[in-house]
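Remember, it's a predicted structure, so these values are computed and weren't measured experimentally. Computation of the quantities below employed the complete heavy-atom set of this structure, encompassing side-chain atoms and omitting hydrogens, waters and symmetry-equivalent molecules.
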Amino acid sequence: MPEPIMDSFAPPSKQPEPKQGIWGIAAYVGGKSKIDGVAEPVKLSSNENAFGCSPKAAAAFTEASAKLFRYPDGHAGPLRAAVAAYHGLEAERLVFGNGSDEVFGLLNQTWLEVGDNIVTGEHGFLAYRISAEACQAEVRLAAEPEQRVEIDRLLDLVDAKTKIVYLSNPANPTGTWNTPDEIADLRRRLDPAILLVIDEAYAEFADVPSYESAFGLARSHDNMIVTRTFSKIHGLAGLRVGFGYCPVRVIEAMERIRMPFNVNLPAQYAAVAALSDQAHIDASKDQVVEWRPRFYQAVRALGYRIDQSLGNFVLIYFKDEAQAARANEHLMQKGFIIRHVANYGLPQALRVTIGKDHENEGFLAALSEFAG
Ligand SMILES: *Cc1c(COP(=O)(O)O)cnc(C)c1O
């Protein structure tokens, strides 16, 4: 065995050190996908589409396999045109990302300097926070007394160093939402030099008149951004496509640092096809809209708190963290993988994605067994 090369002058502790703040970031822990001893667990932990993606998207993905030696369209031309047409948006105001996660990352990288801050809800999505911390920015979390973002509390945390306010609407993991009046109020009271990002990853599952997309409001304001994803209703989480609808100047700034081929070729093909399958989109929404109230009723009958959710998931509150952990353990033994959302500041709660009929029935039966 060769002798290790030692520099006798260097202190033994000398090694490459990442920049300030990196060790302080809690690494993202995703949903589990396996249970020891269970051959085919039912995975209801990541808000994926119970029906998978559209067969049209799968066919487009296969078709793309003949073109894998080509670089993708760096401008995502056909996808840009399809999204603009589907949502009635100006094509030049769209930026595409490797999932909406990358859009948040691009925004943070473009706007945040050391010592700046972002403001979001206390139970807000972790992706905003991780990339902000990587920019050595401070993450300010507004209390959500009823597990719902309150506009006044967000604004209370805004100061001269605030560059971006992130609001997920509907919110994950709480499933709660803010009304169009509240969003308009937030926009009005926020300094126009601060970006307001409305993350609408679950917008397609909303079915109440008190919820509205912010696309309309964003159209006429120079500091508003609305993001969407193909990971949820379109069932393309594995391909990673999301986009932001932004003011032109925001696009121009982000385009300077966006890697040219950030959205891969099969992802672009499949996403275009997904938008052409309205029947699959409708069926995916109908499944969620039909099952949410059945979850409310069944879970409340067992004595647990569950609130109305506008997402493709529900959040079940237990007495305390220990009971939530025991319920989680029982459900795992029964083959159901769900999400204990302690890392979202809700240690007493479990988040469950709405699945197929037999999966939902099986889950509720296993929960009922736990409740005894
Ligand atoms: C799932 C989810 C997204 C989507 O992330 P992608 O990177 O597009 O997969 C965005 N925001 C929230 C709140 C989510 O739960």
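- Asp282 CG: more than 12 foreign heavy atoms inside a 6.0 Å radius.
- By the 4.5 Å heavy-atom criterion applied to side chains, Val289 and Phe205 are not counted as neighbours.
- No side-chain donor-acceptor contact under 3.5 Å links Ser46 to the backbone of Glu48.
- Summarising the geometry of Asn47 relative to Lys232, their closest heavy-atom pair is O-CD, 3.2 Å, with the distance given to 0.1 Å.
- Side-chain contact annotation: Asn264 with Tyr71, donor-acceptor N/O pair under 3.5 Å absent.
- Cluster membership for Ile164 and Val119, using ILVMFWY side-chain heavy atoms within less than 4.5 angstrom, is not shared.
- Closest of all the heavy-atom pairs between Pro247 and His221 is CG-O, 3.8 Å.
- At a cut-off of 3.5 Å, with distance as the only test, a side-chain donor of Ser54 or Asp277 sits close to an acceptor on the other residue.
- For CD of Glu90, the number of neighbouring non-hydrogen atoms (other residues, nucleotides, ligands) closer than 6.0 Å is greater than 12.
- A donor-acceptor pair under 3.5 Å is formed between the side chain of Thr176 and the backbone N or O of Gln147.
- With hydrogens and angles ignored, the 3.5 Å screen pairs no side-chain donor or acceptor of His280 with any backbone N or O of Ala274.
- Environment of CD in Gln278: crowded, with over 12 heavy atoms of neighbouring residues, nucleotides or ligands closer than 6.0 Å.
- Judged purely by distance below 3.5 Å, without hydrogens or angles, the side chains of Gln287 and Asp357 pair a donor atom with an acceptor atom.
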Could you check Asp207 against Lys285 for salt bridge (charged side-chain N to carboxylate O under 4.0 Å, His left out), going step by step and ending with a plain yes or no?
CA-CA 9 Å; Asp207 66 335; Lys285 174 176 180 175; over 6 Å; no
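- Taking the charged nitrogens against the carboxylate oxygens, Glu204 and Arg228 do have a contact shorter than 4.0 Å, which makes a salt bridge.
- Counting heavy atoms from C-beta on, the side chains of Tyr317 and Val299 never come closer than 4.5 Å.
- Annotation: side chain of Ile306 is not in contact with side chain of Leu315 (no heavy-atom distance under 4.5 Å).
- Residues Glu102 and Asn262 bring a donor and an acceptor atom of their side chains to less than 3.5 Å of each other.
- Once rounded to the nearest 0.5 Å, the distance linking NZ of Lys43 with CD1 of Ile35 reads 11.5 Å.
- A salt bridge links Arg305 with Asp307: the closest approach of a Lys/Arg side-chain nitrogen to an acidic carboxylate oxygen falls below 4.0 angstrom.
- Note on Leu196: it clusters hydrophobically with Val149, by side-chain heavy-atom contacts below 4.5 Å among ILVMFWY residues.
- Using a 4.0 Å cut-off between charged side-chain N and carboxylate O, Glu138 and Arg140 make a salt bridge.
- Listed for the Glu144 side chain is a donor-acceptor partner under 3.5 Å among the backbone atoms of His123.
- In this structure, CD1 in Ile233 is found 7.5 Å from CG in Asn312, a value given to the nearest 0.5 Å.
- Less than 6.0 angstrom separates the ring centroid of Tyr245 from the ring centroid of Phe215.
- No donor-acceptor pair closer than 3.5 Å links the side chain of Ser100 to the backbone N or O of Val103.
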After noting the C-alpha distance and the side-chain angles of Gln348 and Leu346, does the key distance pass the side-chain contact (heavy atoms from CB on, under 4.5 Å) rule?
CA-CA 5 Å; Gln348 76 282 33; Leu346 292 161; 4.1 Å; yes
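- The hydrophobic cluster containing Val226 also contains Tyr86, counting ILVMFWY residues as joined when their side-chain heavy atoms lie under 4.5 angstrom apart, directly or transitively.
- A donor-acceptor contact shorter than 3.5 Å is absent between the side chain of His234 and the backbone of Gly52.
- A donor-acceptor contact closer than 3.5 angstrom links the side chains of Lys67 and Tyr269.
- Atom CG of residue Asp36 and atom CE of residue Met332 lie 8.5 Å apart, to the nearest 0.5 angstrom.
- Using a 3.5 Å distance cut-off with no hydrogens or angles, the side chains of Asp159 and Asn117 do pair a donor with an acceptor.
- Donor-acceptor pairing under 3.5 Å is lacking for the side chains of Asn343 and Tyr28.
- Put simply, the side chain of Lys163 does not reach to within 4.5 Å of the side chain of Ile194, judged on heavy atoms.
- The shortest non-hydrogen separation linking Ala171 to Phe313 is O-CZ, 3.3 Å.
- Side-chain contact, Trp177 with Glu212: no donor N or O sits under 3.5 Å from an acceptor N or O.
- Not a single donor-acceptor pair under 3.5 Å links the side chain of Asn169 to the backbone N or O of Ile198.
- Taking CG of Asn178 as the start and CD1 of Ile183 as the end, the distance is 5.0 Å to the nearest 0.5 Å.
- Side-chain contact check for Ile337 versus Val42: every heavy-atom pair is 4.5 Å or farther apart.
- Surrounding CZ of Phe61 are at most 12 heavy atoms belonging to other residues, nucleotides or ligands under 6.0 Å away.
- A continuous path of ILVMFWY side-chain contacts below 4.5 Å connects Leu190 to Leu217, so both sit in one hydrophobic cluster.
- Following chains of ILVMFWY side-chain contacts shorter than 4.5 Å, one cannot reach Val114 starting from Leu106, and the two form parts of different hydrophobic clusters.
- With hydrogens and angles left out, the side-chain atoms of Arg292 and Gln297 include no donor and acceptor closer than 3.5 Å.
- With 3.5 Å as the limit, one finds no donor-acceptor pair spanning the side chains of Asn223 and Arg187.
- If you take CZ on Phe336 and CG on Leu350, they are separated by 13.5 Å, rounding to the nearest 0.5 Å.
- Side chain of Arg93 to backbone of Arg219: a donor-acceptor contact under 3.5 angstrom is found.
- By the 6.0 Å contact criterion, CD on Glu146 is open, its count of non-hydrogen atoms from other residues, nucleotides or ligands being 12 or less.
- The two residues Asp73 and Gln268 make their nearest non-hydrogen contact at O-NE2, 3.0 Å.
- A donor-acceptor pair under 3.5 Å links the side-chain atoms of Gln323 to the main chain of Lys319, judged by distance alone.
- Residues Thr120 and Leu167 are not in side-chain contact: their nearest non-hydrogen atoms beyond the backbone lie 4.5 Å or more apart.
- Between Gly235 and Cys53, the shortest heavy-atom contact is O-CB, 3.3 Å.
- Between Arg326 and Glu321 there is no salt bridge, since no side-chain nitrogen of the basic residue lies less than 4.0 Å from a carboxylate oxygen of the acidic one.
- In this model, no donor atom of one side chain and acceptor atom of the other lie less than 3.5 Å apart for Tyr128 and Glu133.
- Taking the side chain as every heavy atom from C-beta outward, Arg148 and Thr174 never approach each other to under 4.5 Å.
- The pair Arg153-Asp156 does not meet the salt-bridge criterion, since no charged nitrogen lies less than 4.0 angstrom from a carboxylate oxygen.
- Note: Tyr304 and Phe318 have tilted aromatic rings, judged against thresholds of 30 and 60 degrees for the angle between ring planes.
- Residues Ser45 and Thr353 are not in side-chain contact: their nearest non-hydrogen atoms beyond the backbone lie 4.5 Å or more apart.
- Environment of NZ in Lys19: crowded, with over 12 heavy atoms of neighbouring residues, nucleotides or ligands closer than 6.0 Å.
- Counted by atom type alone, Ser213 and Glu200 present one or more donor-acceptor pairs between their side chains at under 3.5 Å.
- Distance check: Leu364 CG to Phe295 CZ gives 4.5 Å after rounding to the nearest 0.5 Å.
- The shortest heavy-atom contact between Leu331 and Ile338 is CD1-CD1, 3.4 Å.
- Although no hydrogens or angles enter the test, the distance criterion places a donor-acceptor pair under 3.5 Å between the side chain of Asp116 and the main chain of Glu113.
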